[in-house]
Every structure is written in structure tokens, then in C-alpha cells.
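Everything on this sheet refers to the single structure shown next.
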Protein chains: 2
Amino acid sequence: MKRTDRKSDCAINFALETFGDPWSLLIVRDIVYFGKNTYGEFLGSAERIGTSVLAHRLAVLEKKGILSKSLSKIDQRKEEYHLTAKGLDLIPLLLDLTEWGAAHDPRTGASRKWITAIRTDRNTVIKRTQDIVRKGGSVLGDFDRIVNK
Amino acid sequence: MKRTDRKSDCAINFALETFGDPWSLLIVRDIVYFGKNTYGEFLGSAERIGTSVLAHRLAVLEKKGILSKSLSKIDQRKEEYHLTAKGLDLIPLLLDLTEWGAAHDPRTGASRKWITAIRTDRNTVIKRTQDIVRKGGSVLGDFDRIVNK
DNA sequence: CACATTCACTTACATTATGAAAGTAAGTAT
DNA sequence: ATACTTACTTTCATAATGTAAGTGAATGTG
């Protein structure tokens, strides 16, 4: 059986069948946290996703309505990937992953300030992050606009 | 490279390397939502995990400190799997997966009442669910104690 | 304009993970 | 004593990932 075949109507199973592979959420993270938007930028990330896997994941995420793809106006070789509304709805989940990882990884790279912010002002951080990312920004690129405003 | 080799110090990557496969969170869901605790019960779930995959995932989740394993006092053939503190910390994430799945799956099986509860009283639902599961209960088995109290 | 480079992929192939089925050993029910 | 249940292991086919080497179109450079 393929991993994408629908196995039940459980909401959690639906979510995992959409992005529950080892790479999809790292691509979403690249967009949300690092402001990456192109194939080459995703390829360059620390986790070193393989080129064939990346192409496949991008195609699937676009087909499932998490990402939208459009040609760059500046450089016609480049495709730009952005989060759809469905994709922006993954931001709360990303924050939970961040919180869990930071709490349980003794050598986490997450900043104290960010962890505190998502713990104490979760709803505000979610809304601001979604607004920023919708406009093409990112957590690291617009940190002050999300945390210190 | 094995999928379990550490690829970066990103908190999200750490989390995904711990439980970011297609099955781990379904096992956690079985415990949290359905109160399942044994190999046979996990095997019986709707998504039909394969027996060899289940054995492997349980071993890895135990090794990574998400699950603890102990012999049943009543029936010595049975091993019982329970969430550790680290595993109970996954409950917020499970709720987000539920919310996302219910919001974007047109034929979701999630109940309206539950979705409303986790949307409006997230922190309370998290705490109560953790308390209940810590004591061996589950969302479906103790619904009223979590939602209507 | 010619040419090298960049970019988003595709293709090919080895390795790892999953899917499905059939065992096995120990504990329990009769 | 015997049959059954339970938690696995083993085996083998298929699917997904890891790695490297292309390919064709757009862009930068002289």
C-alpha cells in the first residue's frame, strides 16, 4: 500500500497523510522561519534534503494545497513557493514542534527569547507570524515585528 | 544516511527526527485518544500498521524516552506501553494535528464538541488530558471529565 | 553576440523503510 | 494436557529516501 492512500477518517491520520513524512514540515519551516522560497534555497538547508526527494515533496505539497508555486518576476528561471491559507494554518503546529524540540533537546539551537514568546503569548505570536509570512516575511527576518512589538 | 542520524540542531528537526515518521504519532494517538496500551490493541487500529513496523516503532519510541514498557500484572503475556513525561508533552501537538485535520478534511470524523473545546479552552484541555492520560485514562473514555467538567 | 554559469528540475541506482504474510515461544484458558 | 492468545521475529516484495550525475532554459559576462 502506498503511504498516501487514505487509511482512515481520523483527523490526526488525515494530517499525517498530508505532511507526516520526514521532510514536508522542514520545507514549511524553511519558509516560515528562514524566509526561503526557492528550490535552491531549500536544497541548501542544513538537513541536506536530496534533490529528487525535494522535487517530489514540493510537487505533493502543491497538489495537496499547502504550497502555491509561481514564476519569479525578477528571474524567470526561479519558481517561488509560498504557503497557502491551508499552509499558514500549520504555523501553530510548527510552534509546538519548536517548543517540544527545545524542551527535550539538550543541545537545541532555539533562542530563549523565542521559546518564551511562544509559551507566554502563543496566540499573538501565531497571528503575527501568519501575517508576516503571508506578506513574504519570516520569523528570523522579522523577529522584532513578531516578538517585541 | 539513516533517517535517524542527527542532521541539524534545529528544534523542529530534532522533534521530527524523534517522531516524524508516518506511524509514531498514530501510536501516541491510540494511547491518548483511545486508551490503547498493548501491541495487539495498536495492531487493531483502523490504519492497519504492519506487525514488523509496529514492533520497530515501539522499540524506537521506548529507546527515545517517549514510551515506557512494563509487564501487565494481570496477564503476563501482555506488555503495557504508557507515555512518559516527554511523551505527555506531545499532547499539545496532537491537539493541533486534530484541529488542522478537522479544519481541512471535508469528511473528518472529529466531533464538533471536541474541536470547539480545543479551540476555546486549549490550555485547560491540555492539562486535563495530560492528567487523565497519566492516570491511564483517555480522551474518548473520559470525555466528560475533560470537556464538561 | 558567444560562452560560462545558474537554476529547477529529471534520471539512475544503491540503501533503507514499509507492507503483507507466515512463523515462534511463552503465558493463559479449558 | 491441549488449544488458544499474545508479543513478538523472520522473510520477502514494494515504496521511499540518499546520492550523484545529467538536461534544458534563463541569466550574467566579456
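Order of the sequence lines sets the chain letters (A, B, ...), proteins ahead of strands, with each chain counted from 1.
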**Asked** Looking at DNA chain C, which of residues 17-35 of chain B put a heavy atom within less than 4.0 Å of it?
**Response** B:P22, B:W23
**Prompt:** Between A:F19 and B:W100, how do the two ring planes meet: parallel, tilted or perpendicular, split at 30° and 60°?
**Reply:** perpendicular
**Request:** Specify whether A:W114 and A:Y33 have parallel, tilted or perpendicular ring planes, treating 30° as the upper limit for parallel and 60° as the lower limit for perpendicular.
**Result:** perpendicular
**Asked** Going by an N to O cut-off under 4.0 Å, is there a salt bridge joining B:D105 and A:R6?
**Response** yes
**Asked** So, for A:A102 and B:A11, which heavy atoms are closest and what is the spacing to 0.1 Å?
**Response** N-CB, 3.7 Å
**Message:** Side-chain N or O of B:R57 versus OP1/OP2 of C:dA17: is the shortest distance under 4.0 Å?
**Reply:** no
**Item:** Under-4.0 Å side-chain N/O to phosphate OP1/OP2 contact, B:T38 with D:dT6
**Value:** no
**Request:** Working to the nearest 0.5 Å, report the span between CZ of B:F42 and CD1 of B:I31.
**Result:** 4.0 Å
**Item:** B:T84 OG1 to B:R134 CZ distance, which is reported to the nearest 0.5 Å
**Value:** 11.0 Å
All N/O pairs under 3.5 Å across the protein-nucleotides 8-12 of chain D interface:
| unit_1 | atom_1 | unit_2 | atom_2 | d |
| --- | --- | --- | --- | --- |
| D:dC8 | OP1 | B:K69 | NZ | 3.4 |
| D:dC8 | OP2 | B:Y81 | OH | 2.5 |
| D:dT9 | O4 | B:T51 | OG1 | 3.0 |

Between [X] ([atom1]) and [N] ([atom2]), how many Å, whole number?
X     : N      : atom1 : atom2 : answer
A:E80 : D:dA26 : CD    : C1'   : 15 Å
A:D5  : D:dA15 : CG    : C1'   : 11 Å
A:E47 : D:dT19 : CD    : P     : 13 Å
A:R48 : D:dT17 : CZ    : P     : 18 Å
A:I49 : C:dT10 : CD1   : P     : 14 Å

All N/O donor-acceptor pairs, side-chain side in residues 50-69 of chain B, below 3.5 Å, sequence neighbours left out:
| unit_1 | atom_1 | unit_2 | atom_2 | d |
| --- | --- | --- | --- | --- |
| B:T51 | OG1 | B:Y39 | OH | 2.8 |
| B:R57 | NE | B:D21 | OD2 | 3.4 |
| B:K64 | NZ | B:E17 | O | 2.8 |

**Pairs satisfying salt bridge (Lys or Arg N to Asp or Glu O under 4.0 Å), at least one member in residues 25-45 of chain A, at least two apart** = A:R29-A:E47
**Item:** Sequence neighbours excluded - salt bridge (Lys or Arg N to Asp or Glu O under 4.0 Å) pairs with any residue from residues 94-103 of chain A
**Value:** A:D96-A:R122, A:D96-B:R122, A:E99-A:R119
**Request:** Could you walk me through whether B:R145 and B:I132 pass side-chain contact (heavy atoms from CB on, under 4.5 Å), step by step?
**Result:** CA-CA 8 Å; B:R145 263 191 285 257; B:I132 294 276; 3.8 Å; yes
**Message:** Just so I know, are the side chains of B:T38 and B:Y81 near enough to count as touching, which here means a heavy-atom distance under 4.5 Å?
**Reply:** no
Pairs under 3.5 Å (N/O, protein and nucleotides 28-30 of chain C):
| unit_1 | atom_1 | unit_2 | atom_2 | d |
| --- | --- | --- | --- | --- |
| C:dT28 | OP1 | B:Q76 | N | 2.6 |

